[in-house]
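Only one structure is covered here, and it is reproduced in the block below.
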Amino acid sequence: MNEQDLNAKLQLSKEDMKKYGYAIIDHIVSHFETQDSKKPVAIASREEMDELLTEDIPSSPTNAHDVLNFVMDQVIPQSTIVTHPKSFSFVPGPSNYISAMADTIATGFNIFSGGWAASPGAAELEILTMNWLLEIFGFGKKRGGGIFTSGGSMANLTALVTARRIKCGDDFSKAVIYLSDQAHSSNIKAIKVIGFKKSQIRIIPTDLEFKISLNKLKNAIAKDRLQGLDPFCIIASAGTTNTGTVDPLNEIAKICKEEKLWFHIDGAYGGAAILANNGKKLLKGIEKADSLTVDPHKWFFQPYEMGCLLVKNHNWLSGTFREQPEYLRDVEGNQSEINFYDHGIQLTRRFRALKFYMSLKTFGLNAFKKAIQYNIELAEQTETILRKSSTWEVVSPATLAVINFRFNPIDRDLSEKEIDLINQKISERIMHSREALLVTTVLVGQVVLRMCLINPRTTLDHIKETITQCEIYGKELLAKEFAN
Ligand SMILES: *Cc1c(COP(=O)(O)O)cnc(C)c1O
């Protein structure tokens with residue numbers, strides 16, 4: 001076929017495909033080799049991006065390599081490097097090369113991972129890897145089930161739709177749901193998406209350690225019952241995003257049992273810590289949940305997008321999401337042959353299980369365990385360094401690889417307002433330097449710097465360098481703006 005004919009079928013010649021593919025692999029490998037020495041922070045305004053990227057709809061072809069080079073030069077560098085060892089904020093995405101390549105296979109073969117009949121191999125790998133996760137979290141493989149989603153938000157949404165059907169049936173007008181003020185915003189989003197009113201949500205305060213207050217939780221449930229409402233679900237956090245705190249899972253499980261409530265655990269951030277000794281202790285009781293969200297694209301080192309919902313009984317999912325339209329009649333299959341489109345919201349789904357399978361098999365579970373253990377200890381070592389310093393105050397201790405601290409020199413009598421301001425400015429300066437991704441969060445009204453240390457390539461030196469840089473900024477700010 002000549003070039004024009006190929007173009008009209010959106011094709012490339014074999015030679016061109018190879019050249020193009022190898023060029024992309026070269027870019028990715030070079031990024032993996034050099035990313036640690038790049039600057040992690042990208043900052044650009046809408047105006048700057050408009051200036052760089054706005055163009056008319058391209059009606060005629062452009063040379064493939066010219067397009068690729070443009071993207072590699074102008075688009076890709078305009079992104080925060082979440083895999084960078086100094087990417088400390090939000091939840092980093094350390095990723096791994098095997099999974100990146102596995103995703104390339106899934107896309108290259110455009111595997112439809114919706115139904116058994118279309119891709120028995122993909123469905124079986126999802127069942128297999130789900131069984132591994134069910135085992136890891138003590139959920140029992142026999143009845144348990146689950147589904148891979150785009151992320152934790154979708155997993156939480158899938159869980160709440162399931163909980164609502166099982167606990168409330170069709171009428172949820174009086175149903176009430178409970179979660180702490182430290183629970184992730186995606187839960188509130190999901191609750192809104194599925195049509196609950198604000199008045200059906202109870203945000204329970206947390207104690208001094210950022211755990212949900214059991215007393216206040218029990219009071220709220222009792223009060224709602226007295227008012228004729230129907231408490232139906234508690235969402236506990238297993239690793240809050242802010243502080244890594246795990247709610248008292250065993251106690252909440254007990255309340256759920258007594259009150260006949262659905263027990264959902266959002267372990268999107270912290271769930272993976274079950275693979276580490278010290279994490280396992282903190283997560284005791286996680287196996288008692290009815291449903292559990294974990295997020296492989298966080299601490300299981302998978303590239304985006306990959307979330308996961310586990311449930312105690314796989315029938316709960318199929319009972320909630322199964323529709324039987326006539327056009328899927330011929331591919332229904334039997335009970336054991338799972339159609340994952342029956343277990344969640346998406347019909348057409350990408351083959352997410354593949355990257356989890358290939359990376360876990362290639363590196364081995366022990367490598368994941370070691371990496372997670374390392375991350376937890378790294379945060380603890382960071383805490384030790386900060387505690388020994390007269391300039392830093394630890395605001396929440398190292399918990400599941402998260403630590404919060406603030407610049408607050410003991411020899412200066414700064415007001416709370418000044419401390420807030422100075423820490424805000426330290427973060428702004430370090431972001432502006434682009435040397436480290438380090439933003440603030442707010443804990444009990446205090447502006448603090450937060451580090452989430454789930455990258456196995458982050459070393460104590462990376463952390464020390466960043467703290468030193470922050471300290472220099474802090475002292476400069478003190479000398480200039482707070483000279484009193
Ligand atoms: C990140 C996070 C989520 C949301 O997950 P996404 O993958 O970003 O959709 C939910 N809950 C917790 C605790 C999280 O840390």
Side-chain angles (χ1 to χ4, degrees), residues 27-46 48-49 52-53 71-97 99-100 103 151 241-242 244 269 272 295-306 371-372 374-376 378-379 381-382 385-386 392 398 400-407 423-441 447-474:
H27 280 298
I28 296 174
V29 171
S30 150
H31 177 66
F32 268 77
E33 280 293 300
T34 56
Q35 57 183 347
D36 292 8
S37 54
K38 293 181 182 172
K39 292 195 174 192
V41 181
I43 306 169
S45 68
R46 175 65 192 265
E48 287 166 318
M49 286 292 98
L52 197 62
L53 301 177
V71 165
M72 292 314 302
D73 289 343
Q74 309 292 349
V75 182
I76 299 301
Q78 305 288 353
S79 313
T80 295
I81 304 173
V82 295
T83 53
H84 194 282
K86 286 188 180 178
S87 221
F88 298 116
S89 290
F90 316 108
V91 178
S95 188
N96 75 86
Y97 188 74
S99 290
D103 252 356
T241 320
N242 255 345
Y269 171 65
D295 223 357
H297 67 203
K298 287 177 176 167
W299 215 351
F300 280 107
F301 313 111
Q302 300 304 310
Y304 305 136
E305 299 170 343
M306 189 177 196
I372 293 166
Y374 170 79
N375 293 142
I376 293 176
L378 194 62
Q381 287 159 6
T382 305
I385 291 173
L386 291 167
W392 294 99
L400 297 187
V402 180
I403 179 155
N404 289 279
F405 52 97
R406 60 180 192 169
F407 184 80
N423 281 279
Q424 189 68 48
K425 290 203 167 183
I426 289 172
S427 158
E428 279 163 20
R429 283 212 183 174
I430 200 149
M431 290 294 281
H432 195 73
S433 81
R434 299 180 46 233
E435 292 289 344
L437 182 72
L438 184 68
V439 300
T440 63
T441 188
V447 175
V448 300
L449 297 166
R450 170 181 167 281
M451 279 187 173
C452 179
L453 299 168
I454 63 167
N455 190 330
R457 286 177 289 109
T458 300
T459 62
L460 204 54
D461 279 341
H462 289 119
I463 296 166
K464 283 182 190 163
E465 281 166 21
T466 304
I467 291 174
T468 303
Q469 198 184 345
C470 288
E471 224 166 89
I472 292 169
Y473 291 145

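When a residue number appears, it is its place in the shown sequence, counting from 1. Computed from a prediction, not measured in an experiment: that's the story for all the values here.
- Listed for the Asn96 side chain is a donor-acceptor partner under 3.5 Å among the backbone atoms of Ser99.
- Shortest non-hydrogen contact noted between Val439 and Ser427 is CA-OG, 3.4 Å.
- Here the side chain of Ser87 pairs a donor or acceptor atom with the backbone of Ile81 at under 3.5 angstrom.
- Ala436 pairs by the side-chain contact (heavy atoms from CB on, under 4.5 Å) definition with Lys86, Phe88, Ile430, Thr466, not counting sequence neighbours.
- The distance from atom SG of Cys452 to atom NZ of Lys298, rounded to the nearest 0.5 Å, is 8.5 Å.
- Residues Leu52 and Met49 have side chains in contact (heavy-atom distance under 4.5 Å, counting atoms from C-beta outward).
- Distance check: Ile472 CD1 to Ile426 CD1 gives 11.0 Å after rounding to the nearest 0.5 Å.
- Although no hydrogens or angles enter the test, the distance criterion places no donor-acceptor pair under 3.5 Å between the side chain of Thr80 and the main chain of Val82.
- Shortest non-hydrogen contact noted between Arg434 and Pro40 is O-CD, 3.0 Å.
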Exercise. Could you walk me through whether Phe300 and Met306 pass the side-chain contact (heavy atoms from CB on, under 4.5 Å) check?
Worked result: CA-CA 10 Å; Phe300 280 107; Met306 189 177 196; over 6 Å; no

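- In terms of modelled atom types and a separation under 3.5 Å, the side chain of Tyr269 and the main chain of Leu400 share a donor-acceptor contact.
- Met451 and Ile467 get closest at one heavy-atom pair: CE-CG1, 4.5 Å.
- Exactly one of Thr241, Val447, Asn404 qualifies for a side chain to side chain contact (heavy atoms under 4.5 Å, CB included) with Thr441. That residue is Asn404.
- Looking at every heavy atom in both residues, Pro456 comes nearest to Tyr374 through O-CE2, 3.5 Å.
- The backbone N or O of Tyr304 lies less than 3.5 Å from no partner atom in the side chain of His297, so there is not a single donor-acceptor pair.
- Residues in residues 455-464 take part in these salt bridge (Lys or Arg N to Asp or Glu O under 4.0 Å) pairs, two or more places apart or across chains: Asp36-Arg457.
- At least one donor-acceptor pair closer than 3.5 Å links the side chain of Asn375 to the backbone N or O of Leu453.
- Put simply, the side chain of Leu437 reaches to within 4.5 Å of the side chain of Phe90, judged on heavy atoms.
- No side-chain donor-acceptor contact under 3.5 Å links Thr83 to the backbone of Pro94.
- A side-chain N or O of Gln469 and one of Ser433 form a donor-acceptor pair less than 3.5 Å apart.
- Closest approach of Ile403 to Ala379, counting heavy atoms only: CD1-O, 4.2 Å.
- With a 4.5 Å cut-off on side-chain heavy atoms, Phe405 and Ile385 do not count as touching.
- In this structure, the side chain of Arg450 engages the main chain of Asn242 through a donor-acceptor pair within 3.5 Å.
- Expressed to the nearest 0.5 Å, how far CD of Gln381 lies from CD1 of Ile376 amounts to 12.0 Å.
- Put simply, the side chain of Glu48 gets close to the backbone of Ser45: a donor and an acceptor are under 3.5 Å apart.
- Side chain of His84 to main chain of Lys38: a donor-acceptor pair is present (N/O by atom type, distance under 3.5 Å, no hydrogens or angles).
- Here the closest heavy-atom approach between residue Thr440 and residue Asn423 is recorded as CG2-O, 3.9 Å.
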For this session: Please lay out, stage by stage, how Ser30 and His27 fare under the test side-chain hydrogen bond (donor to acceptor under 3.5 Å, both in side chains).
Result: CA-CA 5 Å; Ser30 150; His27 280 298; over 6 Å; no

